[in-house]
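Atoms within a ligand are numbered from 1 in the order they appear, just like the ligands themselves. Residue numbers run from 1 in the order of the sequence given.
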Amino acid sequence: MPDPRDGDDRTAAPQERDPAIDARPGTRAVWAGEHGGFMDRATQVPVVGSVAFGYDDLDTWYEVATGGRDGHIYGRNTNPTVAVFEEKLRLLEDAEAATSAATGMGAISATLWALLRPGDRVVSVKDTYGGTSKLFTEFLPAYDIEVELVDTTDHDAIEAEVARGCDLLYLETPTNPTLKVLDLERLSAAGRAAGAVVVVDNTFATPINQQPLHLGADLVVHSATKYLGGHADALGGLVAGRGELIERIYHYREINGATLHPEAAYLLVRGLKTLQLRVERQQVNAQGVAEYLAGHERVTVVNYPGLASHPQHALAARQMRGFGGMLSFGLDGGLEAVARFFPRLRFAHAAANLGSVETIVAPPATSSHVECTREERAALGIPEGLLRYSAGIEDLDDLLGDLAQAFDGL
Ligand SMILES: *Cc1c(COP(=O)(O)O)cnc(C)c1O
């Protein structure tokens, strides 16, 4: 039982086992971390803006400060609203521990800087998110960390590079924007055999569709900005996985200072309650849009793991519970056709974002791969006429009608 002098707040030691542990993902997204009640018995998670948390006796303060007792000291380290967000993701990813950051890149860079040392070797793939790729090519090598980026679909080549020596294997699947799929079970086993820490960016799949920790990864990272929040109104990042690794990443992040803001955590918690509903609807829409586009004469290619024509369709079907809400497609007529096509869409934002309740389109040349030259994009298999499509939760028939009228205007 909580000590009544502690009030009903979340700083009291956890009292009971969280019932969400025995629940399914949809229930976990709604309830995890929320049992025990909040201030004045509020049913909703409050935004605790307080930067510091006060104590009237030195012993309790000391115990909390040194980790001997649950509680909060200072907002750069921990915060009750942020803790609810972390707990939801910890349970959704079935992880031992989880910690958050101000953005997805905050979580990814904290993970890399906390775990890597000069002389270490990282193996990853060519198709990682643009910001991650910049860390690999621009920042880590300056600290004598070797990074080998392998052709994303060549599993034999990835295994061979891992076997040559690897301290950290960094994977992302499905990839942005061409939706390539990596075999997480196979590659995690290779990473572990080499003694590497295996990290997976699970932003596109979300824990509703894919749980990398169940497939052998040590850590899973997220841009919560995308599907987890789901409303394009809050930035956030998360890392979940093995407790001793999360402790090191948390320690780096608390010193580095890229802390998730309580207001953002509140919006992310609210968004998470509908994660399963949104993803289920988004992938029904994505499948319908992908099938429609695959039959269209102006479309040169459709990349969606849910299409039988996708080169890794069988792997995706085995590894994922659903194929997700992201796809990309090529227009004949290249960048010029893209420039004429997307402004005609009435039910899609054209923006550098994804995973929101609204449909969003973006040409890689102005979003995910804006830093690359035309030749670099071509080498990654990204034609200039490609459009990334993040299906929203609208009615599918309206999305199909919208695409049809945009094609009519081409
Ligand atoms: C957006 C994104 C990131 C970076 O997240 P931010 O919240 O923008 O920092 C990382 N990985 C993937 C796959 C993303 O889509």
Side-chain angles (χ1 to χ4, degrees), residues 82 85-86 89 93 99-113 124-139 149 152 170-182 184 199-210 212 217 219-240 249 253 256-261 263-265 267-268 271-272 275 279 282 286 303 305 320 324-328 349 351-356 360-364 366-372 380 382 388-391:
V82 170
F85 167 70
E86 292 168 342
L89 264 301
E93 290 288 9
T99 192
S100 58
T103 63
M105 283 314 301
I108 292 164
S109 52
T111 300
L112 297 173
W113 291 123
S124 187
V125 292
K126 293 205 159 88
D127 288 58
T128 52
Y129 175 75
T132 309
S133 181
K134 284 283 156 197
L135 284 174
F136 288 154
T137 55
E138 203 177 316
F139 291 95
L149 302 181
T152 306
Y170 189 98
L171 305 170
E172 184 177 319
T173 179
T175 62
N176 185 7
T178 49
L179 286 296
K180 292 168 189 152
V181 179
L182 289 168
L184 290 179
V199 184
V200 177
D201 185 330
N202 204 28
T203 299
F204 269 35
T206 83
I208 298 300
N209 281 334
Q210 173 173 284
L219 293 170
V220 50
V221 295
H222 277 282
S223 169
T225 314
K226 315 291 171 52
Y227 284 99
L228 301 184
H231 293 73
D233 56 4
L235 292 159
L238 186 110
V239 199
I249 296 162
R253 200 274 296 143
N256 161 279
T259 303
L260 181 62
H261 194 279
E263 288 281 355
L267 290 167
L268 296 172
L272 271 171
L275 176 66
V279 170
Q282 283 160 325
N303 303 306
M320 301 172 74
M326 296 301 303
L327 60 115
S328 61
H349 286 304
N353 191 21
L354 59 96
S356 185
I360 304 169
V361 294
T366 55
S367 58
S368 61
H369 290 72
V370 65
E371 284 107 349
C372 300
L380 287 170
I382 303 171
R388 189 178 70 191
Y389 190 98
S390 168

Between Glu93 and Gln210, which heavy-atom pair has the shortest distance, and what is it? OE1-O, 4.1 Å
To the nearest 0.5 Å, atom CZ of Phe85 lies from atom CG of Leu238 at 5.0 Å
Could you tell me, atom by atom, which parts of ligand 1 come under 4.0 Å of a heavy atom of Ile108? 10 (C)
Taking non-hydrogen atoms only, is Val221 closer than 4.0 angstrom to ligand 1 via side chain, backbone, both or neither? neither
Looking at side-chain heavy atoms only, is the closest gap between Thr132 and Val221 below 4.5 Å? no
Check Thr206 against His222 and note the closest heavy-atom contact, atom names and distance. CA-CE1, 4.1 Å
Does any N/O atom on Gly106 come nearer than 3.5 Å to any N/O atom on ligand 1? no
Regarding ligand 1, does Thr132 bring an N or O atom to under 3.5 Å of one of the ligand's N or O atoms? no
Using a plain distance cutoff, I'd like to know if Ser223 has any nitrogen or oxygen under 3.5 Å from a nitrogen or oxygen of ligand 1. yes
Asp201 N/O under 3.5 Å from ligand 1 N/O: yes
Under 4.0 Å from a heavy atom of Glu172: which atoms of ligand 1 are those, numbered in the order shown and with their elements? 13 (C)
Can you pull out the closest protein heavy atom to atom 9 (O) of ligand 1? Residue, atom name and distance to 0.1 Å, please. Met105 N, 2.8 Å
Student check: side-chain heavy atoms of Val125 and Tyr170 closer than 4.5 Å: no
Could you tell me the residue and atom name of the protein heavy atom closest to atom 1 (C) of ligand 1, and the distance to it rounded to 0.1 Å? Lys226 NZ, 1.4 Å
Contact (N/O only, under 3.5 Å) between Gly104 and ligand 1: yes
